[in-house]
Amino acid sequence: MTKTIGLICGSLRKNSYNRIIAQALIDMDDFIKFRWIEIKDLPLFNEDLELGGDPVTVSSFKSEIQDVDGIIIVSPEYNAGIPGVLKNALDWASRPSKDSALNRKPVGLIGATPGGLGTAFSQLQTRQILEAMQVHVLPFQKVLISQVHEKIDFDQKVLTDEKTKRYLQRYLQQFIHWIDHIPNLD
Ligand SMILES: Cc1cc2nc3c(=O)[nH]c(=O)nc-3n(C[C@H](O)[C@H](O)[C@H](O)COP(=O)(O)O)c2cc1C
């Protein structure tokens, strides 16, 4: 059956490299349905806000998560860690705990940086955070894209590096296959 995959970009920057990489996923497969799940309008997480009922942006964000078969997060690394805007979004999505929109949701992690370590630290942190939220994170596989500025056509905003395209294609196939084989650990 056709899968619907949500894409969350951990950068709010207009010309984000990570958004270009996420767009490359959309462009490489006609059989998967992709939906952007935006995080830029979410308020800063605050339990007081939550007590009054989720703001509309938050409830829509949670519904968008619920409506997809899996999510791929494509994010930069800030100061050897997860960007604050992404952590904020995950904190909202983690509520109510044990019965959250993200609970048991299959999630894949991809990251790109002009630097040399491909967001390795950020991805480790994100994986740890998601596992604390009882999210299924695709095991073993990592997509760490270093020197990303040399792998795209910045004017056209497209990924041009063939090796990276193959790498992403393979990851996408593994992710889709894995969604149907996640063990029920309840
Ligand atoms: C506050 C800040 C901290 C950063 N820290 C890191 C870092 O730890 N590792 C890294 O590879 N790049 C780091 N960078 C550089 C980002 O990888 C770079 O700005 C990248 O283009 C951001 O992703 P985007 O293009 O998707 O917005 C940092 C950038 C900022 C603004």
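This chain uses plain numbering: 1 for the first residue, then up along the sequence. Values in this document were obtained by computation on a predicted structure and should not be read as measured data. All ligand and atom numbering here is 1-based and tracks the order in the structure.
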Ser16 side-chain N/O to Ser11 backbone N/O, donor-acceptor pair under 3.5 Å: no
Contact residues of ligand 1, where a non-hydrogen atom lies under 4.0 Å away: Ser11, Arg13, Ser16, Tyr17, Asn18, Pro76, Glu77, Tyr78, Asn79, Ala80, Thr113, Pro114
Check: Gln123 side chain, Val143 main-chain N or O, donor-acceptor pair, under 3.5 Å: yes
Check: Asp161 side chain, Glu150 main-chain N or O, donor-acceptor pair, under 3.5 Å: no
Minimum side-chain heavy-atom gap Ile32-Thr4 below 4.5 Å: no
Expected output: side-chain Lys157 to main-chain Phe154 donor-acceptor under 3.5 Å: yes
Check ion pair Arg95-Glu50 (N to O, under 4.0 angstrom): yes
